[in-house]
J.: 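Take this structure, written in structure tokens, and hold onto it; I'll ask about it next.
Here is how names work: the chains are called A, B, and so on, in the same order as the sequence lines, proteins then strands, and each is numbered from 1.
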Amino acid sequence: MPELPEVETVRRGLEPVLVGRRIRRVDLARKDLRRPFPPHFAERLRGRTVTSLARRGKYLLARLDSGETWLIHLGMSGRFTIIPPNGKPRVPGEFYYEAPADAGARGPHDHVVIELEDGYRLVFTDPRRFGVMDLIAPDGEESHPLIADLGIEPLGNEMNAERLAKAFRGKKAPLKAALSDQKVIAGLGNIYSCEALFRAGLSPFKPAASLVTKAGAPRAGLERLVKAIREVLGEAIEVGGSTLRDYADANGTPGGFQTLFSVYDREGEPCRRPGCGGIIKRVVQSGRSTFYCPRCQRRTGS
DNA sequence: CGGGACTCCTGCCAGC
DNA sequence: TGCTGGCAGGAGTCCC
């Protein structure tokens, strides 16, 4: 599930259910996910009201009326299911709209259940347990180790060619790796890095620094990349993100962007750019699959 | 220091 | 049909 568009989709789905409601009960099925829950996690959530639900990169930040912030990362397989008190869909079209027949039964990977004062329950399910939850002390967000070093927020005001040029300057890492680096840009993962590079017509193998002039100014390719990132993320959020292997799973609304992939998971298929005729290739870069069109993505800086 | 390899964990699926 | 190896949306840690 979880790159920026998917996390944002989850945020928008949870917001109307969670914000403004008091947490009545917290059940933990185990003491850790990828790392241990913080001390007294359930007790510190219980009785609190969520005052806002924000997102930074791939992290969700639920601010509590205690001043603390409940930090959530979905990892590879984390997701939330909203179970209304009557077990039926709350509002069709929201994040969760198809209550399973056994709504309320706890599955083997349902690690956290949050019950709200109005009887709604949020179930956090994460088979691979790469997810993270933590509680941040009041005013501690900016210094929290998991989010302090995050890079540019790609949908924010600071996302522009000049800022990205500063981050790319001198970087020898290939563009694909640089884009997926959360310290450079926060929120892009394997899918949207590939998709953004395709849209910008840029080779995933060229060093990030090749998009910056010697003087440190953005080259034309970097301007294209900024635009491509914004567009790809925006379009993906519009259709609820991407859903891959768990597409048929009844737990949660499937996203729609996977049918719009230009390159991701399309190895051997024809490039979708009219008249291109290229075949999508897959290579492994720093341990992860990169998908690209060898015809469209030859360009470097200009 | 920057960048790549390895690791955590479970599920799934192509291929034998 | 049934097993199995490889691979999966992330990212911290280690090592060169």
J.: With clusters built from Ile, Leu, Val, Met, Phe, Trp and Tyr whose side-chain heavy atoms come within less than 4.5 Å, directly or transitively, what are the remaining members of the cluster of A:Leu71, listed by chain and number?
T.: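 Result for A:Leu71 is A:Tyr59, A:Leu61, A:Val132, A:Ile136, A:Leu146, A:Ile147, A:Leu150.
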
J.: Write down the distance between CD (A:Glu3) and P (C:dG9), rounded to a whole number of angstrom.
T.: 8 Å

J.: Taking only side-chain nitrogens and oxygens of A:Arg282, does any of them come within less than 4.0 Å of OP1 or OP2 of C:dA8?
T.: yes

J.: Separation of A:Arg56 atom CZ from C:dG10 atom P, in whole Å?
T.: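 Going from A:Arg56 (CZ) to C:dG10 (P), I get 16 Å.
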
J.: Taking side-chain contact (heavy atoms from CB on, under 4.5 Å) as the definition, give me every residue that meets it alongside A:Lys183, ordered by chain and number, with sequence neighbours left out.
T.: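 A:Lys183 satisfies side-chain contact (heavy atoms from CB on, under 4.5 Å) with A:Asp149, A:Asp181 once adjacent residues are dropped.
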
J.: State whether the number of non-hydrogen atoms from other residues, nucleotides or ligands found under 6.0 Å of A:Arg163 atom CZ is greater than 12.
T.: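 Atom CZ in A:Arg163 is not crowded, with 12 or fewer foreign heavy atoms closer than 6.0 Å.
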
J.: Answer yes or no: is there a donor N or O on one side and an acceptor on the other, between the side chain of A:Arg219 and the main chain of A:Leu211, under 3.5 Å?
T.: no

J.: Tell me yes or no: between the side chains of A:Ser242 and A:Gln258, is some donor less than 3.5 Å from an acceptor?
T.: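 No, A:Gln258 and A:Ser242 have no side-chain donor paired with an acceptor closer than 3.5 Å.
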
J.: Hey, could you give me the NZ/NE2 distance between A:Lys31 and A:His111, rounded to the nearest 0.5 Å?
T.: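 One gets 12.5 Å once the value is rounded to the nearest 0.5 Å.
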
J.: Report the distance from atom CZ of A:Arg79 to atom C1' of B:dG11, rounded to the nearest whole Å.
T.: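 One finds 11 Å between C1' of B:dG11 and CZ of A:Arg79, rounded.
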
J.: Please report the distance separating the P of B:dC6 from the corresponding atom of C:dG6, rounded so that it comes out in whole Å.
T.: 14 Å

J.: Is it the case that the base of B:dC9 and the side chain of A:Arg129 share a donor-acceptor contact (distance under 3.5 Å, atom types as modelled)?
T.: no

J.: Which range-with-range stems can be found for DNA chain B when each stem has 3 or more Watson-Crick or G-U pairs in a row and both distances sit under 3.5 Å?
T.: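 The stems are B:2-8 with C:10-16, B:10-16 with C:2-8.
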
J.: Write out a two-atom table: protein N or O, nucleotide N or O from nucleotides 2-4 of chain B, distance below 3.5 Å.
T.:
{"unit_1": "B:dG3", "atom_1": "OP1", "unit_2": "A:Lys172", "atom_2": "N", "d": "2.7"}
{"unit_1": "B:dG3", "atom_1": "OP1", "unit_2": "A:Ala173", "atom_2": "N", "d": "3.0"}
{"unit_1": "B:dG3", "atom_1": "OP2", "unit_2": "A:Lys171", "atom_2": "NZ", "d": "2.8"}

J.: Between A:Asn190 (CG) and C:dC7 (P), how many Å, whole number?
T.: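 Answer to the nearest Å: 14 Å.
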
J.: Nearest 0.5 Å please: distance from the CG atom of A:Leu197 over to the CD atom of A:Gln297.
T.: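 Reported to 0.5 Å precision, the distance equals 6.5 Å.
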
J.: May I ask you to verify if any side-chain N or O of A:His109 is less than 4.0 angstrom from the OP1 or OP2 atom of B:dG11?
T.: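 For B:dG11, OP1/OP2 do have a side-chain N/O of A:His109 under 4.0 Å.
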
J.: Which value, rounded to the nearest 0.5 Å, describes the distance between A:Leu14 atom CG and A:Leu53 atom CG?
T.: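 Separation between the atoms: 6.0 Å.
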
J.: Does anything in residues 269-299 of chain A pair up under ring-ring contact (aromatic ring centres under 6.0 Å, His included), and if so which pairs, sequence neighbours excluded?
T.: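 Sorted result for residues 269-299 of chain A: A:Phe205-A:Tyr292, A:Tyr264-A:Phe291.
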
J.: Do A:His144 and A:Asp134 have side-chain N/O donor and acceptor atoms under 3.5 Å apart?
T.: yes

J.: Scan nucleotides 11-16 of chain C nucleotide by nucleotide, 5' to 3', and note B when protein non-hydrogen atoms come under 4.0 Å of the base, S if they reach only the sugar-phosphate, - if neither.
T.: BS----

J.: Please give the distance between the P atoms of B:dA5 and C:dC7 as a whole number of Å.
T.: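 These two P atoms come out 14 Å apart once rounded.
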
J.: Can you tell me how far the SG atom of A:Cys271 sits from the NZ atom of A:Lys281, to the nearest 0.5 Å?
T.: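 Rounded to the nearest 0.5 Å, the SG-NZ separation comes out at 11.5 Å.
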
J.: First locate atom CZ of A:Phe261, then atom CZ of A:Arg266, and finally report the distance between them rounded to the nearest 0.5 Å.
T.: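 Answer rounded to 0.5 Å: 10.5 Å.
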
J.: What's the CG-P distance between A:Leu233 and C:dG9, to the nearest Å?
T.: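 Answer to the nearest Å: 16 Å.
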
J.: A:Ser289 side chain N/O closer than 4.0 Å to the phosphate oxygens (OP1, OP2) of C:dA8?
T.: yes

J.: Tell me: CG of A:Asp126 to C1' of B:dT10, nearest whole Å?
T.: 10 Å

J.: Distance check needed: B:dA5 C1' versus A:Gln285 CD, whole Å only.
T.: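 After rounding, the reported distance stands at 15 Å.
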
J.: I need the CZ-P distance between A:Arg128 and B:dT10, as an integer number of Å.
T.: 10 Å

